[in-house]
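Proteins get letters first, then strands, A, B, ... in listed order; numbering begins at 1 in each.
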Amino acid sequence: MGLFSKTVAYLRDHLGKTRRKITSSLGSLLTLGRAIDEDLLDELEATLIADDIGVATTERLMEDLRAAYKSRKIAKSEDILPFLKERMKEYWPARDRELHAAESGPTVILVAGINGSGKTTSIAKLAYALSRDGRKVIVAACDTFRAAAVEQLSIWADRIGVQIVKHQMGADPGAVAYDACEAALARGADYLILDTAGRLHTQKPLMDELAKIRSVAARKIPGAPHEVLLVVDATTGQNAIQQAKVFTEAIEVTGIFLAKLDGTARGGIVIAIKDMLDIPVKFVGLGETPEDIAAFDPDEFVEALFA
Amino acid sequence: MYKWGGDPKRAGAARRFFHRVWNDKCFQRKKLRRKGRVLFDALTDKFSGIFRSLSGRGRITEANVSDAMREVRKALLEADVNYQVVKQFCKDCLDAAMGAEVIKSLHPGQVMVKIVHDELVRLMGPVDTRIYFVSPGPTVILLAGLQGSGKTTTAAKLGRYIRAKGRNPVLVADDLQRPAAIDQLETLGQQSGIPVYTDRIQDAVKVARDGVRYAKQNGHDVVILDTAGRLHIDEEMMQQIADVAKTVTPHQIYLVCDAMTGQDAVNSAKAFNERLELDGVILTKLDGDARGGAALSVKAVTGKPIKFVGLGEKLDAIEEFHPDRMAGRILGMGDVVTLVEKAQEQFDADEAAKLQAKMAKGTFGFDDFLKQMEAVKKMGGMGGMLKLLPGIGSQLKNMEIDEREIDQMRGIVHSMTAEERRDPDIIDASRRRRIARGCGRSVQDVAGLVKTFRRSRDMMQSLSSGGMGGFKSLLSGKTDLFGAMASGRVPKIKQRSKRKRAPRRKGNKRRR
């Protein structure tokens, strides 16, 4: 997908910055010629866990590593990194990372996530990237709950020059979604992006509400939502697995938008999510401006993880 | 049948003699049997003890809790406690627990989990959730944190919390970065009826300064500054918040931290703490199911207490922090902790029952006396807790037992023979002299201790005859006694009847 090719270099720059900020142990760990022993494996495990990859997935990776060592696929410490990188890249085949599109009519993208994960900013980025590519984008402010959420999206829509469908604060989000679908059909939009209120996955009524938004869109536009993105904060720990699980049960998440990857957190949790729930990452967010978005590149990501 | 010299008159005497011997033998045998049973019980106890220590279950060693520690480590990591913190914490716990006694019904691993739990509580506490207001005001509170951690919502919650304490706060919208952040705070201010100072310019330092001035002019005694979310590695933004802090010199700076934060929590917390000298942490989104290991990480790297927790989107969903609840949540081994607590209670009850039985039987000796004294010493830590109970506080004034005092008593007791310890009534002047020589104390000291012991035994016996209730009230009696002993005087307690105070011989166990 040529849409984000420009930003890949940006991602590299950004992650490079992150990389230098952190005094990483792996580089110094896997020095040339060091023998593979338990100490080394322990330290390796520590690094993986420190990346939020999680205990279970880390254990699995370590088992693979040990097996490879036993079968003499790897012999020296400098072989470890390429092996792990290869192993992780296998998680993300290319087909997984494309944005699904409708065969005809508007493509509906439903965006959800917990409070403060960065949904609205991520939507602005996505809308900006799509509209810059010459697509007609409409955003819908289905977050009618949080104070000034509608204003926030309106300001973004103004700035990046896309249309917005909104209701009053406190309106029914399902009704907003309905109107937005009608508007998308009537105005011949290419993409409709639905912004929803942040909600903790533990709140059943709010999850039901989300499912309702989804079914409203599905009824109005066949095949919608074509893409359901869960916005995950890169600093989130193991709870993200639970989030992904419950959100998937409610609205069938098709991809992850990994936000706030410009900090020191490397978002290793998406490896655990992919490992356990098979949900691919599609985009990463790298800052506060609309340009700060990149298509997820597993090579870059894994390189950054071990940098 | 046998004959006794053919004298029929003596046959009866022979029979009587025979019977006496026979009965005596039976009696002896019965006695032996009883003694044997006691001996056997004691042996079983001993053997099971030896077995436990041989199998390494009697005390905590690195080996017998290694499985449990692996579980603990995993639990902590899965709760997102930082890897380095986990490593250090587990090591500290293990060092502290080494050699700790394991109660019979428990596995060392279980006891270890309880120790870890208690250590978690200790590490995250004690919590001081007071907000220190300054006079003359206004007290300035600055909220800082990463994007999306919940600063704006927390600002409004904190405003309500402070107003409920009888203050008159104002919120200052100093987040000039995020679109509609000012509108959000204004809306929240309207909802909660707390005034909001806003100025739609791009100078965060000026807004903060003007906000504080506004508060002074309008009689607000608390200013809550809501700042923009920022990355700890964003040099420009970090400099900006440092400038804000320099300009308005906040009295309290809180870091707002998302409870779901993973391993990276240490990095951001450390960076914020270096730039801002935090006073505390507010942990948000705890109404979710995140285990919240970030709490421990942040506390460990900054040393700053967690003051409040956010528990939902409603504006009253703010609570003071409870380390015990948080410890249970992070560790997630609540069932084991409860089990150990129950077993310990049971153990204490068993010990108490044993002691009571001994007292009732009158076999209460110096060894038990010493054991009890040490138990009371151990309770020194509990003293503070007991003081909180209504009515008990004043009685516990002389609860403080001098450690050296107990050491001296132990010295005296240890220079007694086993027999003397079991039955102190045999201690006469000659034995007193020997004991005094043995422990390097004066004869008077020895006599004083024996006297005190007798009195306490008498008192306990009279108490224990009153059943469990009497046993419970023993605490206060003991306290008086020990307090007086510690001060070196033998207490004048109520005179008992001559019969009760009469010296008893060994084996005279009938008296109740």
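Here the OG1-CG distance, from B:T284 to A:N115, works out to 9.0 Å after rounding to the nearest 0.5 Å. Rounding to the nearest 0.5 angstrom, the gap separating the NZ atom in A:K260 from the CG atom in B:D264 is 11.5 Å.
Heavy-atom pairs under 4.5 Å with chain A were tallied for B:Q147, B:Q191, B:Q177, B:K74; the largest tally goes to B:Q147. Among B:Q263, B:H232, B:Q190, B:E186, the residue making the largest number of heavy-atom pairs under 4.5 Å with chain A is B:Q263. When each of A:E151, A:E288, A:Q152 is checked for heavy-atom pairs under 4.5 Å with chain B, A:Q152 comes out on top. Across B:A290, B:G312, B:S268, B:G293, the residue that shares the most heavy-atom pairs under 4.5 angstrom with chain A is B:A290. The choice from B:D234, B:D80, B:T261 that makes the most heavy-atom pairs within less than 4.5 Å of chain A is B:D80.
Heavy-atom minimum distance, B:P179 versus A:I155: CB-CG2, 3.8 Å. Residues A:D42 and B:Y83 come closest through the heavy atom pair O-OH, 4.1 Å. Here the shortest heavy-atom pairing between B:I233 and A:D262 reads CD1-O, 3.3 Å.
Contacts between B:R230 and chain A at a heavy-atom distance below 4.5 Å are absent for every atom of the residue. Using a 4.5 Å cut-off between heavy atoms, A:I241 does not touch chain B at all. For B:R178, the part lying near chain A is the side chain, with the backbone staying farther off; criterion is any non-hydrogen pair under 4.5 Å. The contact between B:E78 and chain A is made by backbone and side chain atoms together, counting heavy-atom distances below 4.5 Å.
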Step by step, would you call A:Q203 with B:D287 a side chain to side chain contact (heavy atoms under 4.5 Å, CB included)?
CA-CA 9 Å; A:Q203 287 160 340; B:D287 49 328; 3.6 Å; yes
Run A:L200 and B:M260 through side chain to side chain contact (heavy atoms under 4.5 Å, CB included) and show every step you take.
CA-CA 11 Å; A:L200 289 184; B:M260 298 174 187; 3.3 Å; yes
Evaluate the criterion side chain to side chain contact (heavy atoms under 4.5 Å, CB included) for residue pair B:D258 and A:T235; output intermediate values, then yes/no.
CA-CA 9 Å; B:D258 185 334; A:T235 54; over 6 Å; no
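A donor atom on one side chain and an acceptor atom on the other are not found under 3.5 Å apart for B:D289 and A:T202.
Taking 4.0 Å as the cut-off between side-chain N and carboxylate O, B:R70 and A:E59 do not count as a salt-bridged pair.
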